[in-house]
Amino acid sequence: MTLADPRLMDFVDEFDSPWSVTMATIWPNLIVQREMNTLGIRQIVPTGPNEFIMKWTMFGFQGDTPEMTAHRPDGDGALHSRLTAPDA
């Protein structure tokens with residue numbers, strides 16, 4: 001079995017950490033996540049008793065090279081953002 005697009009598994013070791021995935025629940029509707037080379041927050045916004053909107057905000061860093069910017073979500077097709085959720 002092979003991936004149709006192996007770039008999904010590209011990983012740049014950019015932090016001094018043995019972990020490639022870290023998630024912290026700040027509040028029941030707010031999660032901060034670092035997965036591979038993504039850094040973002042997920043917000044759940046209730047819109048009714050049985051409905052909600054899920055908002056993702058992905059971040060880069062001021063010192064990122066153009067290559068690293070393209071590697072991060074929304075830099076080039078949001079490839080790595082699909083690690084935690086399907087495309088919408």
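Residues Ile26 and Val45 fall into different hydrophobic clusters, defined by Ile, Leu, Val, Met, Phe, Trp and Tyr side chains chained together at heavy-atom separations under 4.5 Å. Transitive grouping of hydrophobic side chains (ILVMFWY, heavy atoms separated by less than 4.5 Å) keeps Ile53 and Trp56 in distinct clusters.
To the nearest 0.5 Å, atom CD of residue Gln33 and atom CD1 of residue Ile31 are 9.0 Å apart. Atom OG1 in Thr47 sits 8.5 Å away from atom CZ in Phe52 (nearest 0.5 Å).
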Worksheet item: Are Leu39 and Phe61 close enough, and set up right, to give a side-chain contact (heavy atoms from CB on, under 4.5 Å), and what steps lead you there?
Response: CA-CA 9 Å; Leu39 177 63; Phe61 295 95; 3.5 Å; yes

Practice prompt. Show the numbers, then the answer: is there a side-chain contact (heavy atoms from CB on, under 4.5 Å) between Thr57 and Phe59?
Written response: CA-CA 7 Å; Thr57 305; Phe59 299 96; 3.8 Å; yes

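Side-chain contact between Met54 and Arg42 is present, with at least one heavy-atom pair separated by less than 4.5 Å. For the pair Ile41/Leu30, a side-chain contact is recorded, criterion being any heavy-atom separation below 4.5 Å from C-beta on.
Side-chain atoms of Thr25 never come within 3.5 Å of backbone atoms of Pro28 as a donor-acceptor pair (strictly under, hydrogens ignored).
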